[in-house]
2 protein chains.
Amino acid sequence: MKTNSFIAGRLRESNIKPSPQRIKILEYLANYPCHPTVDRIYSALLPDMPTLSKSTVYNTLKILRDARLVREVTIEENEVHYEYAIKAHGHFRCLDCGEIYDFQADAEEINTDELRGFYITEKDIYFKGVCGQCLKRDNQTEK
Amino acid sequence: MKTNSFIAGRLRESNIKPSPQRIKILEYLANYPCHPTVDRIYSALLPDMPTLSKSTVYNTLKILRDARLVREVTIEENEVHYEYAIKAHGHFRCLDCGEIYDFQADAEEINTDELRGFYITEKDIYFKGVCGQCLKRDNQTEK
DNA sequence: TTACAAATCGATAATCATTATCGGAAAGGC
DNA sequence: GCCTTTCCGATAATGATTATCGATTTGTAA
């Protein structure tokens with residue numbers, strides 16, 4: 001569980017003023033690794049901060065992303081998900097329940113000879129399909 | 001250069017009636033491997049088919065995608081790109097000029113032990129950064 | 001050919017995530 | 001305390017995508 005002061009420190013390290021809104025948003029992402037959307041973050045924090053605006057969530061996430069404190073997960077077409085930036089990994093999205101799973105995958109191992117002379121800043125691995133839970137449920141329903 | 005009749009054949013193989021609109025759209029994707037967006041496809045075909053509607057482009061692409069004749073490339077946040085489905089490969093998007101480059105990358109080599117019991121239907125590798133051309137241009141401008 | 005049913009197409013409106021704008025509030029320096 | 005800068009929040013605007021639904025075309029059978 002990351003504390004407020006730890007989060008505030010991370011913001012200061014990146015030269016971002018630790019306002020209450022920014023602390024809360026980054027803290028939420030650090031403690032709930034559920035790849036939330038903007039709307040999800042907004043709804044989760046609203047009870048605690050009734051004056052929070054969705055614009056602020058958008059603005060803050062953009063700041064945090066530029067500082068590389070959070071990452072955008074664009075595995076879904078119509079909405080961006082966010083995650084606290086730790087070690088790089090792959091993402092799997094279940095086309096049935098929509099859940100996003102992390103899995104270890106080293107993108108550095110992918111051969112990039114063809115991209116010689118390119119400056120690569122981001123390597124995303126996005127898999128899709130049906131997760132184990134949904135497969136099991138679907139099989140039971142069939143019987 | 002893929003011919004109309006070849007394209008029509010591919011549609012029939014997938015039990016899709018080869019209407020003129022569908023042939024033109026799939027033919028465009030097969031012959032111009034530029035990862036176009038819906039709007040790009042629409043604009044390119046409009047001179048030849050003045051009555052074409054953007055709705056039809058959307059509908060047709062959805063049909064072609066479901067038949068796995070084309071793939072959606074969701075490497076950009078706000079717009080979907082399309083490509084004729086051939087051998088799987090990685091995509092690199094230049095954050096400067098927006099161009100999308102293909103590169104050989106075998107997603108099958110990525111270890112998926114953690115996804116045991118999952119049914120995987122799609123494996124996307126999306127890299128981002130700055131392409132060689134843009135790097136060169138930017139350096140010249142600096143001088 | 002004619003008639004009818006099904007599939008397809010196209011125009012318009014609706015949806016919804018995201019962005020832009022801008023006035024007001026808070027923070028920080030002097 | 002005053003002033004400047006930064007930050008926040010409400011509202012409106014944007015733009016890709018989807019939904020709707022009537023019109024057109026296609027396929028089929030008499």
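Just so we're on the same page: letters track the sequence lines, and every chain starts at 1. The basis for the numbers below is simple: all heavy atoms, side chains too, and nothing from hydrogens, waters or symmetry mates. Values in this document were obtained by computation on a predicted structure and should not be read as measured data.
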Compile the donor-acceptor pairs under 3.5 Å between side chains in residues 5-13 of chain A and protein atoms, sequence neighbours left out, one pair per line.
residue : atom : partner : partner atom : Å
A:S5    : OG   : A:T3    : OG1          : 3.3
A:R10   : NH1  : A:Y84   : OH           : 3.2

Touch class at under 4.0 angstrom, heavy-atom based, for A:T37 against every strand present: nothing
5' priority, DNA chain C, between B:I16 and B:P50 [closest heavy atom]: B:I16
Closest-nucleotide ordering on DNA chain D, the 5'-leading residue of A:L52 and B:K62: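 Between the two, 5'-proximity favours A:L52.
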A:D102 side chain to A:H35 side chain, donor-acceptor N/O pair below 3.5 angstrom: yes
B:H81 and B:E76 side chains, donor-acceptor separation under 3.5 Å: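 Looking only at side-chain atoms, B:H81 and B:E76 do form a donor-acceptor pair, the distance falling under 3.5 Å.
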Could you state the [atom1]-[atom2] distance from [X] to [N], rounded to the nearest angstrom?
{"X": "A:M49", "N": "C:dA26", "atom1": "CE", "atom2": "P", "value": "13 Å"}
{"X": "B:N59", "N": "C:dT12", "atom1": "CG", "atom2": "C1'", "value": "14 Å"}
{"X": "A:N78", "N": "C:dA14", "atom1": "CG", "atom2": "P", "value": "21 Å"}
{"X": "B:L45", "N": "C:dC9", "atom1": "CG", "atom2": "C1'", "value": "15 Å"}
{"X": "B:K54", "N": "C:dT8", "atom1": "NZ", "atom2": "C1'", "value": "20 Å"}
{"X": "B:E77", "N": "D:dT17", "atom1": "CD", "atom2": "P", "value": "13 Å"}
{"X": "B:E72", "N": "D:dT18", "atom1": "CD", "atom2": "P", "value": "8 Å"}
{"X": "B:D66", "N": "D:dT18", "atom1": "CG", "atom2": "P", "value": "11 Å"}

Candidate list B:E79, B:E77, B:E99, test salt bridge (charged side-chain N to carboxylate O under 4.0 Å, His left out), partner B:R93, passing option: B:E77
Salt bridge present between A:R71 and A:D124 (N-O < 4.0 angstrom):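 Here A:R71 does not pair with A:D124 in a salt bridge, since their nearest N and O are not under 4.0 Å apart.
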Side chain of B:E79 (C-beta onward), nearest among D:dA16, C:dT12, C:dA17: D:dA16
Shortest side-chain distance from A:Y58, nucleotide among C:dT18, C:dC9, D:dG27: C:dT18
Test of ring centre spacing under 6.0 Å for B:F118 and A:Y101: yes
Residues from residues 18-36 of chain B lying under 4.0 Å of DNA chain D - heavy atoms: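 Residues of residues 18-36 of chain B that come under 4.0 Å of DNA chain D do not exist, since none gets that close.
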Phosphate OP1/OP2 of C:dC9 contacted by B:S53 side-chain N/O (<4.0 Å):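 No, B:S53 has no side-chain N/O under 4.0 Å of OP1/OP2 on C:dC9.
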Distance below 4.0 Å between B:S55 side-chain N/O and C:dA11 OP1 or OP2: no
A:R65, CZ atom: more than 12 neighbouring heavy atoms under 6.0 Å: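 More than 12 heavy atoms, drawn from other residues, nucleotides or ligands, come within 6.0 Å of this atom.
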